[in-house]
There are 2 protein chains.
Amino acid sequence: MRLTTKGRFAVTAMIDLASRQADGPVTLAGIAERQKISLSYLEQLFGKLRRHDLVSSVRGPGGGYRLARDIAAITVADIIIAVDEPLDATQCGGKENCHDAHRCMTHDLWANLNKRMYAYLDSVTLDALVNRRVQPDADMAVLRNIRRRATPSTVREIAAI
Amino acid sequence: MRLTTKGRFAVTAMIDLASRQADGPVTLAGIAERQKISLSYLEQLFGKLRRHDLVSSVRGPGGGYRLARDIAAITVADIIIAVDEPLDATQCGGKENCHDAHRCMTHDLWANLNKRMYAYLDSVTLDALVNRRVQPDADMAVLRNIRRRATPSTVREIAAI
DNA sequence: ACATATCCCGACAAAAACGATCAACTACTC
DNA sequence: GAGTAGTTGATCGTTTTTGTCGGGATATGT
C-alpha cells in the first residue's frame, strides 16, 4: 500500500467523474480543466483505471468515461491500487533472505500495518465521498494525541497536513 | 500524508533502534547491516529524525542514536512526517484559487481522508509495534469487502498487497 | 594518537512522476 | 460515404524523487 500524489490525483478525478456521470460520459478534458490536472497525466491514469475495470470508455464525439461499476462498489483502495500497481511486495518475498528473525518481525509488523490501512481505505466508497458521508470524527483523535505530546516542531507540521 | 518506501525504511529503522536501545546508543552501521539499508541513506533519514526531535545522537566511539522520547510517545505518523516533509499542502492553500465550489469540495474530502489516515497512523506507537500490540483484525474487514465485490482482476491484486 | 562515531556534502544511476506529441478510433454532418 | 472534429490510446522526453557511493570534517572514548 503506497500513498502518493498520484493516488490523490486519481481519487480526485474519480470523484469528479462520479459526480457528473449522470449527464452521460465525462471527458478527460473536462476533468483536467476543473481539477487542474494535466490532460496527458489523466490519460495515463484512466488507462490504468480502465484496465482495472473501474471505468469504461466511449470513444468519439460525445464520448468520455463512465464508472464501470456502481458508485457504491468502488472504494478508495480500488483506485489507489489500480494506479499505483507494482508495490514491491516487501522486497523479501514473504520468507527468504530475511537473515535473522528480527528482520522478519519488522516485515510482519509493516505488512500488518499495510493491511490495516488497506482495510480503512477499502471501507471508504466513492459514493460515501461524493455524498459526504465520510465521518469527520478523526479530528478529535488527532487533537487528543497532539495535546498529549506536543513539541514546538510538531505543532508547526500538523498545520501543513 | 504521504506513504512511500522512504517512510517504510524510516519506520523499520526506528523499530530496530527502539528494540535495541536498552544496551546503549545504537549505531547506524548496525541498523544498516541488520535491515539491509545503505548507511548513507540512514544518515539522511536520521538527520531528519534528529531535527524533528525523535532521536538524539551521541558522537564518538560507543556512540550512536537513542530515542529522544519515551517509546510510547513516538508514533508511526511522527516518523513519516519527519521523513517525508514538504507535502505540497494540497496546492490550493486552503481557500484561494479554487475556481468553482466543486473543486473545493473535492479538496475538503481529500483533506478529511488525510486526517483519518493520520489519526490511524498516529494511534500506532513504536511501543505497540515493537511489542506486537497492533490489532490484526484488519484481515476480516478486507475479506468481507473482497467477497462483496470481487472481480477477476482485483482478486489477483489483493494477493500482492 | 588513533579508532569509532556522527555529520555534511556533492555526484550519480535508477525509477517514478509528470507532461507533450502523435496515432487510432468513432459519431456526426454534408 | 467521405471528411472532420472530438475523443481515447500509446509512445517518448523531461523533471523530480529515491537510493547509493565516496570523501571529508568534527567530536570523543581509549
Side-chain angles (χ1 to χ4, degrees), chain A residues 1-13 17 20-21 23-33 35-68 80-89 91, chain B residues 2-13 17 20-21 23-33 35-68 80 83-88 91:
Chain A
M1 199 89 227
R2 218 172 51 180
L3 204 54
T4 67
T5 55
K6 195 176 188 175
R8 170 143 74 212
F9 279 143
V11 171
T12 303
L17 168 56
R20 287 176 185 271
Q21 69 166 353
D23 313 331
V26 181
T27 70
L28 290 192
I31 298 178
E33 214 263 321
Q35 308 302 331
K36 307 295 177 220
I37 305 173
S38 97
L39 178 57
S40 315
Y41 200 34
L42 278 180
E43 285 168 355
Q44 286 178 43
L45 296 181
F46 274 77
K48 291 183 178 180
L49 293 172
R50 180 175 50 83
R51 283 187 285 276
H52 283 78
D53 299 312
L54 294 183
V55 300
S56 63
S57 63
V58 181
R59 299 173 75 147
Y65 284 95
R66 280 203 201 89
L67 296 183
I80 290 179
I81 285 182
V83 143
D84 256 341
E85 23 203 341
L87 192 51
D88 69 84
Q91 68 237 67
Chain B
R2 217 171 53 180
L3 205 53
T4 67
T5 55
K6 196 175 187 176
R8 173 144 73 212
F9 278 141
V11 171
T12 303
L17 168 56
R20 287 177 185 269
Q21 68 165 354
D23 313 331
V26 181
T27 70
L28 291 192
I31 298 178
E33 215 264 322
Q35 307 302 331
K36 307 293 177 222
I37 305 172
S38 90
L39 179 57
S40 310
Y41 202 33
L42 278 180
E43 284 172 353
Q44 292 174 40
L45 296 180
F46 273 78
K48 291 183 178 181
L49 293 172
R50 180 174 51 83
R51 284 187 283 276
H52 283 77
D53 298 312
L54 295 182
V55 299
S56 63
S57 63
V58 180
R59 300 175 73 150
Y65 284 93
R66 281 203 201 90
L67 296 183
I80 290 180
V83 141
D84 257 340
E85 25 201 345
L87 192 51
D88 67 84
Q91 72 237 65

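In what follows, chains carry the letters A, B, and so on, assigned in the order in which the sequence lines appear, proteins first and then strands, with residues in each chain numbered from 1.
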Under-4.0 Å side-chain N/O to phosphate OP1/OP2 contact, A:Thr27 with D:dG6: no
Spacing of A:Arg8 atom CZ relative to C:dA16 atom P, expressed in whole Å: 20 Å
Sugar-phosphate only, base, or nothing, as touched by B:Gly47 at under 4.0 Å among non-hydrogen atoms: nothing
Rounded distance (Å) that lies between atom C1' of C:dG19 and atom NZ of A:Lys6: 13 Å
Residue-phosphate contact under 4.0 Å: A:Arg51 side-chain N/O, D:dA10 OP1/OP2: yes
For the student: nearest non-hydrogen atoms of A:Gly62 and A:Pro25, plus distance: O-CG, 3.8 Å
Atom-to-atom span, CG of A:Leu28 to P of D:dT8 - whole angstrom: 4 Å
B:Leu39 side, atom CG; B:Glu33 side, atom CD - distance, nearest 0.5 Å: 11.5 Å
Presence of A:Ser57 side-chain N/O under 4.0 Å of D:dG9 phosphate oxygens OP1/OP2: yes
Inter-residue atom distance A:Leu54.CG - A:Arg66.CZ, 0.5 Å rounding: 16.0 Å
Length of the CZ-P vector between B:Phe46 and C:dC8, whole Å: 15 Å
Side chain of A:Phe9 (C-beta onward), nearest among C:dC18, D:dT20, C:dA17: C:dC18
A:Leu67 backbone acceptor or donor facing A:Gln21 side chain under 3.5 Å: yes
Base D:dG19 paired with B:Gln44 side chain (donor-acceptor, <3.5 Å): no
Partners passing side chain to side chain contact (heavy atoms under 4.5 Å, CB included) against B:Lys6 (at least two apart in sequence or in another chain): B:Thr4, B:Tyr41, B:Leu45, B:Lys48, B:Val83, B:Asp84
Approximate separation, where rounding is to 0.5 Å, of A:Thr12 OG1 and A:Lys36 NZ: 13.5 Å
Side chain to side chain contact (heavy atoms under 4.5 Å, CB included), paired with A:Tyr65, selected from A:Leu42, A:Leu28, A:Val26, A:Leu49: A:Leu28
Rounded distance (Å) that lies between atom P of D:dT18 and atom CG of B:Leu42: 16 Å
Distance (rounded to the nearest 0.5 Å) between A:Ile37 CD1 and A:Ile31 CD1: 8.0 Å
Contact state string [nucleotides 22-30 of chain D, B base, S sugar-phosphate only, - no protein heavy atom under 4.0 Å]: ----BBBB-
Spacing between B:Lys48 atom NZ and D:dG19 atom C1', to the nearest angstrom: 12 Å
Separation of atom CZ in A:Arg2 from atom P in D:dT17, rounded to whole Å: 15 Å
Nearest non-hydrogen partners of B:Ser57 and B:Arg50, listed with the distance: OG-CD, 3.7 Å
Sugar-phosphate, base or nothing in reach of A:Tyr65, heavy atoms under 4.0 Å: sugar-phosphate
Touch class at under 4.0 angstrom, heavy-atom based, for A:Leu39 against every strand present: nothing
Separation of D:dT11 P from A:Tyr41 OH (nearest whole Å): 18 Å
Paired and unpaired positions of DNA chain D as dot-bracket, Watson-Crick or G-U wobble under 3.5 Å, | denoting a partner strand: |||||||||||||||||||||||||.||||
Side-chain N or O of B:Thr5 closer than 4.0 Å to phosphate OP1/OP2 of D:dG19: yes
A:Glu43, CD: over 12 other non-hydrogen atoms inside 6.0 angstrom: yes
B:Arg50 vs C:dT6: side-chain N/O to OP1/OP2 distance below 4.0 Å: no
